[in-house]
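Notes follow the structure.
Computed from heavy atoms alone, side chains included, the values below leave out hydrogens, waters and symmetry copies. Here is the naming used below: chain letters follow the sequence lines, and residue numbers restart at 1 for every chain.
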Amino acid sequence: MSYKIASWNVNSIKARLTHVQEFLNTNQIDFLFLQELKGESFPDISPDYHATYMGQKAYNGVAILSRQKDVRLISNKLNGDETDDQARYLEVEWNGIRLINIYLPNGNPLGTEKFDYKIKWMERLFIRLNELKNERVPFLIGGDFNVIPKDEDCYDPVLWRNDALYHPETVKQFRKVLNLGLTDAFRVFNQNAEEYSFWDYQAGAWPRNRGIRIDHFLTSPAITDRLISCQIDKTPRGWDSPSDHTPIILEISE
DNA sequence: ATGGTTGGAAGCCAA
């Protein structure tokens, strides 16, 4: 027995409703983390799934769909800044483990308050995950991290160095999180370059495979021990009117 | 080559 957990930035749940339904119908997904809902309310997707979500008007928004109804909301915001009202964080408890879905700030353009917000958000995330580590709570965190971990995770490292997604400060913060003892689950099973989860809508990025790997699952040690597989499913990116992201799917043993 | 495209908003912003 195993569980499949997927993460997908859908770039508007309203615009991608049928895609999400098709994805759920063709994969045996137990939990689906969604990002960029771009709306306050959440639509009826399937009678087979329970939705926990945190939305806002027009921007951001995260949801966790689950076959299991016994998920318990721990938090729908990231601690550390009472003035932060962006819907980017969802933490639930299920079966003794913590499931965390994030839509980490993009941070562009560099040199603006947006980049400061991203870095501070990552510092707050580190503090939260360090708490869970100290409490010995097994967890997995998935979502759109808006972070390119390494050169092999983008088509043009030199170009991306001048972007908030691969800026040295961004990568430093990401490594700090990893150094809590977390594992980039995808890299346990696949060391190939040119394995991407996002392709820009512009300039033929998808047909030319000019993409970046910014959607991740990170697992705490107890969950890492249970990893069965972690793959990027490129199929939905090839559908008509797709999201610019494609799902990443993680499988863990019971 | 500072463009190109998409979604939600409202008559631009974020990605």
Check your understanding: Which whole-number value in Å describes the distance from A:Asp240 CG to B:dG7 P?
Key -> 12 Å

Point to revise | Rounded distance in Å between the P positions of B:dA1 and B:dC12 | key: 30 Å

Check your understanding: With rounding to whole Å, what would you report as the distance between B:dA9 and B:dA14 at their C1' atoms?
Key -> 11 Å

Check your understanding: Tell me, do A:Lys114 and A:Pro105 make a side-chain contact under 4.5 Å, heavy atoms counted?
Key -> no

**Study point:** Spacing of A:Glu40 atom CD relative to B:dG8 atom C1', expressed in whole Å
**Key:** 13 Å

Practice item. For the residue pair A:Asp144 and A:Gln35, confirm or rule out a side-chain donor-acceptor distance under 3.5 Å. Key: no

Practice item. Measure from NZ or CZ of A:Arg88 to the centre of the six-membered ring of A:Tyr103 and say whether it is under 6.0 Å with the direction within 45° of the ring axis. Key: yes

Check your understanding: For atom C1', what is the distance between B:dG7 and B:dG11, given to the nearest Å?
Key -> 16 Å

Study note, to complete from the structure: Picking from B:dA9, B:dG7, B:dA15, the nucleotide nearest the side-chain atoms of A:Arg16 would be B:dG7

Check your understanding: What does A:Arg88 touch in the nucleic acid at a heavy-atom separation under 4.0 angstrom: a base, only the sugar-phosphate, or nothing?
Key -> sugar-phosphate

Practice item. Check whether any side-chain nitrogen or oxygen of A:Lys114 sits under 4.0 Å from OP1 or OP2 of B:dA14, and answer yes or no. Key: yes

Check your understanding: To the nearest Å, how far apart are A:Arg210 CZ and B:dG4 C1'?
Key -> 12 Å

Exercise for review: Dump the intermediate steps for salt bridge (Lys or Arg N to Asp or Glu O under 4.0 Å) on A:Lys4 and A:Glu251, then the final yes or no.
Suggested key: CA-CA 4 Å; A:Lys4 275 192 186 173; A:Glu251 189 175 9; 5.2 Å; no

Exercise for review: Show your reasoning for whether salt bridge (Lys or Arg N to Asp or Glu O under 4.0 Å) applies to A:Asp184 and A:Lys150.
Suggested key: CA-CA 12 Å; A:Asp184 180 347; A:Lys150 293 181 174 178; over 6 Å; no

Exercise for review: Give the rounded distance in Å between these two atoms: CH2 of A:Trp160 and C1' of B:dA15.
Suggested key: 10 Å

**Study point:** Out of B:dG4, B:dA15, B:dA9, whichever nucleotide has its closest atom nearest the side chain of A:Gln202
**Key:** B:dG4

Study note, to complete from the structure: In whole angstroms, the gap separating P of B:dG4 from CZ of A:Arg208 amounts to 15 Å

Check your understanding: Contact class for A:Phe198 (heavy atom, under 4.0 Å): base, sugar-phosphate, or nothing?
Key -> nothing

**Study point:** Candidates B:dA10, B:dA14, B:dG8 - which lies nearest the side chain of A:Lys57
**Key:** B:dA10

